[in-house]
Amino acid sequence: MTAFDQQYLSQITTSTTPAWRRSQMEGAYRVFTALDEPTGAEEDWRYVEFDHTFAELEPVAQAGAPLESGPFVASLPERSGHVLIVDGQVLEHHSDVATVLRLNDLDADPGFPALVPVDHNKLTAAHAAFSTDGVSVEVTPGTVMDTPLVVEVQGSIPGTVSFPHLRVRVGEDAEASVLVAYRSADGARLLMVPKIDLEVGDGGRLRFLSVQGIDHAATSVVHQRATLGRDSTSRIGEIGLGGRLGRLDLGVSLVGDGSSSEVVGLYFGEGDQTLDYRMVIDHQGRSTTSDVFLKGAVEDDAQSVFTGLLRIEKDAARTSTFETNRNLVLSENAKAHSVPNLEILCNDVICGHASSVGPLESEHLYYLRSRGLTLERAERLLIRGFFQEVIDRLPIGGLEEPVSQEVFRRFITAQAEGRVA
Amino acid sequence: MTGALEVRGLSAGVDGKEILDGLDLVVSFGEVHALMGPNGSGKSTLCHVLTGKAGYRVSGQASLEGEDLLALEVDQRSRLGLLQSFQYPTEVRGVSLRDFMIEAAEERGLSEGEALSRIETEAARFDMTRFLDRSLNNDLSGGEKKRSEIFQIAVLRPRMALLDEIDSGLDIDAVKQVARAVEEMRAPDLGVLMITHYNRILRYVTPDRIHVMIDGRIVDSGGAELAEELEAGGYKAIRERLGLIETSSEPARRPADFFTDTPFDVK
Ligand SMILES: Nc1ncnc2c1ncn2[C@@H]1O[C@H](COP(=O)(O)OP(=O)(O)OP(=O)(O)O)[C@@H](O)[C@H]1O
Ligand SMILES: [Mg+2]
């Protein structure tokens, strides 16, 4: 068994590793060895059971065979490029519109502004030390991508941890559209630690949607950061369906004046899944706006966690920001934790948050049933309606049908089997 | 005679508060009855208990065409033909009025095609077409919500309609329109119980009978003369005539307040 040690590090820093990357890896390795694995006791990992250790996981030697694309990617016939990353290794990368390169082919560090810090946790340090491959997407100034670049990120080998890496840079006044679809092999217990770095230049527009559809035996911990330039717009959508544990650690920094961010998402947990969202929306520039709108449901023994922080820095005058997190708890053993937070260092702001956790509303059920709908039918209509508000706001079109079908399928199966209270 | 709706000795309460107190009421098929009563007398509670809202302690009897209503679930009562228009309709985001009505019509055995054509027709009649694809009751004005309620009832065609303040919050043209709809609903196999605070709707609908409800009971029933007595002297006059002591915690209202044409929704 290969350990994540100095010897392994030397083995992967080969002659093809660019010099800038080599020094990053060596520095990150020291951080990695100094940090402890999350135990669940840390504030960041509250409610979440992270039950992998690097001692028990193997690095990937050779990427496995690609998996089928699955219903979400299949429903997007129009696309402007394709990237396939399997077990952390880039197997395909091309685009008609954007410049898509392997990170190892870059002569210098592309120098992203707001990367997740290497010492954020042991997983980010591991990524910085051991990620050997990745993709850089550049959309040159003024270029408009009408159809999405499809990025498939897959994990296939049981017992491994992989470190996929994607960087997207949207040039000035350019427009990018990116769909990331996560999948993993049926029944494979493995860990994926993807890192997604997004940068939107002045006046740029980003539409980004990720569909986390890994197998229920797998764990995924995604670290995703976006930095927004002046008058730029970022619309991020997150769909969370897979994983024994699926965590998204998302940060959006509104650096440029007049920038705006929207994050919409839905999740549906079943079985013993944990779906965990940590979000920090950081307003730095003036006159910036942001909206977080996340809705989820949990049934069986599943749980969800939402920890959202809206931070408004001292000079971020005329900020307008809102955060909504609504949770449906559909069975007795399911749990949803919702923790919205505000940190306001500037007083010229409009901000607020709304959060709720509970079953389907009895007033709604009564109203629908009073028109003759059976309880089951009323519940189904309400579930559809609950998620419809998110589906209507997804930043990339074309996935409405498969997403709503999958969510609905989960609910009606549980309902038919008497698993909803 | 079997009434469309027969209520006998109906009592109901919530958390230690008694609201309905042995209420008797019969509404026969082919008839339109009006129910009037001061705020808090229990009119809406009567509707909720009849349609089966959870949370009330209920005793007594209620039947529709001889079927025991109290033994049925909310949706069974509705499919039997009992439909209520709500005083405060619930807002449901994400569910469109059209989808809701299609499902409700299908539960009543209509095909999707029949449902759609009925929805189109009634929507045109009640000027609801532009609300069909919006979330149910969401961001509707008070009067638009009432129009939505009467529209839903028109689509689903009840045998017994409980109209809870369908005229509150409506502008004068809409009151006429709703009144006309109630008159047009009249049918040999349909009964209507229309709860109202205002005489103005009674200018356009002629009820076969008017009931006055005070403190959870029907205290008097009669014809148009009862509405006139109310208009002149308010509930105070009725109480005095019947020797009832004021027990309601609601402050008494002056008749002048009560029958203005300016609608007010208290609560
Ligand atoms: N769920 C409840 N819990 C406690 N009290 C209630 C509840 N529902 C109704 N009540 C009380 O019961 C009484 C009757 O209420 P109801 O809504 O039936 O009156 P109403 O006759 O319809 O009045 P209005 O003319 O104002 O619509 C009121 O005093 C009300 O406050
Ligand atoms: Mg009422």
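On a predicted model such as this, the values are computed, not experimentally measured, just so you know. First the proteins, then the strands, lettered A, B, ... as listed; each starts at 1. All values below come from the heavy atoms of this structure, side chains included, with hydrogens, waters and symmetry mates left out.
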Notebook entry, point to check: With a 4.5 Å limit on heavy-atom distance, are the side chains of V95(B) and R384(A) in contact?
Noted result: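 SC-SC contact between V95(B) and R384(A) ruled out.
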Which atoms of [X] approach chain A - backbone, side chain, both or neither, heavy atom under 4.5 Å:
{"X": "E103(B)", "result": "both"}
{"X": "R77(B)", "result": "neither"}
{"X": "E91(B)", "result": "backbone"}
{"X": "P158(B)", "result": "neither"}
{"X": "L136(B)", "result": "side chain"}

How long is the gap from [atom1] on [X] to [atom2] on [Y], to the nearest 0.5 Å?
{"X": "L373(A)", "Y": "R79(B)", "atom1": "CG", "atom2": "CZ", "result": "8.5 Å"}
{"X": "S370(A)", "Y": "H48(B)", "atom1": "OG", "atom2": "NE2", "result": "9.0 Å"}
{"X": "Y367(A)", "Y": "F100(B)", "atom1": "OH", "atom2": "CZ", "result": "6.0 Å"}
{"X": "I153(B)", "Y": "R371(A)", "atom1": "CD1", "atom2": "CZ", "result": "5.5 Å"}

Margin query: If we define contacts as heavy-atom pairs under 4.5 Å, which of E73(B), R108(B), M101(B), Q152(B) has the most with chain A?
Written below: Q152(B)
Next item on the list: Sort out for me which of Q84(B), Q76(B), R93(B) touches chain A most, counting heavy-atom pairs under 4.5 Å.
Entry: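 Top option by heavy-atom pairs under 4.5 Å: R93(B).
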Next item on the list: Specify which of L381(A), T374(A), L375(A), D392(A) makes the most heavy-atom pairs with chain B at under 4.5 Å.
Entry: T374(A)
Next item on the list: Among the options E361(A), Q388(A), R369(A), pick out the one with the most heavy-atom pairs lying under 4.5 Å from chain B.
Entry: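 Going by pairs under 4.5 Å, I would pick R369(A).
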Check: Under a 4.5 Å heavy-atom cut-off, does chain B meet the side chain of E389(A), its backbone, both or neither?
Finding: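 Contact with chain B: side chain only.
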Next item on the list: Give, as side chain, backbone, both or neither, the part of L368(A) having an atom under 4.5 angstrom from any heavy atom of chain B.
Entry: both
Next item on the list: Output yes when R377(A) and E106(B) qualify as a salt bridge under the 4.0 Å nitrogen-oxygen rule, no when they do not.
Entry: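 Looking at E106(B) together with R377(A), the answer is yes, because their closest N to O distance falls below 4.0 Å.
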Notebook entry, point to check: Should we say atom CD of E78(A) is surrounded by more than 12 heavy atoms from elsewhere, each under 6.0 Å from it?
Noted result: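 Counting other residues, nucleotides and ligands, CD of E78(A) stays at 12 neighbours or fewer.
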Margin query: Tell me whether E376(A) at atom CD has more than 12 heavy atoms from other residues, nucleotides or ligands lying less than 6.0 Å away.
Written below: yes
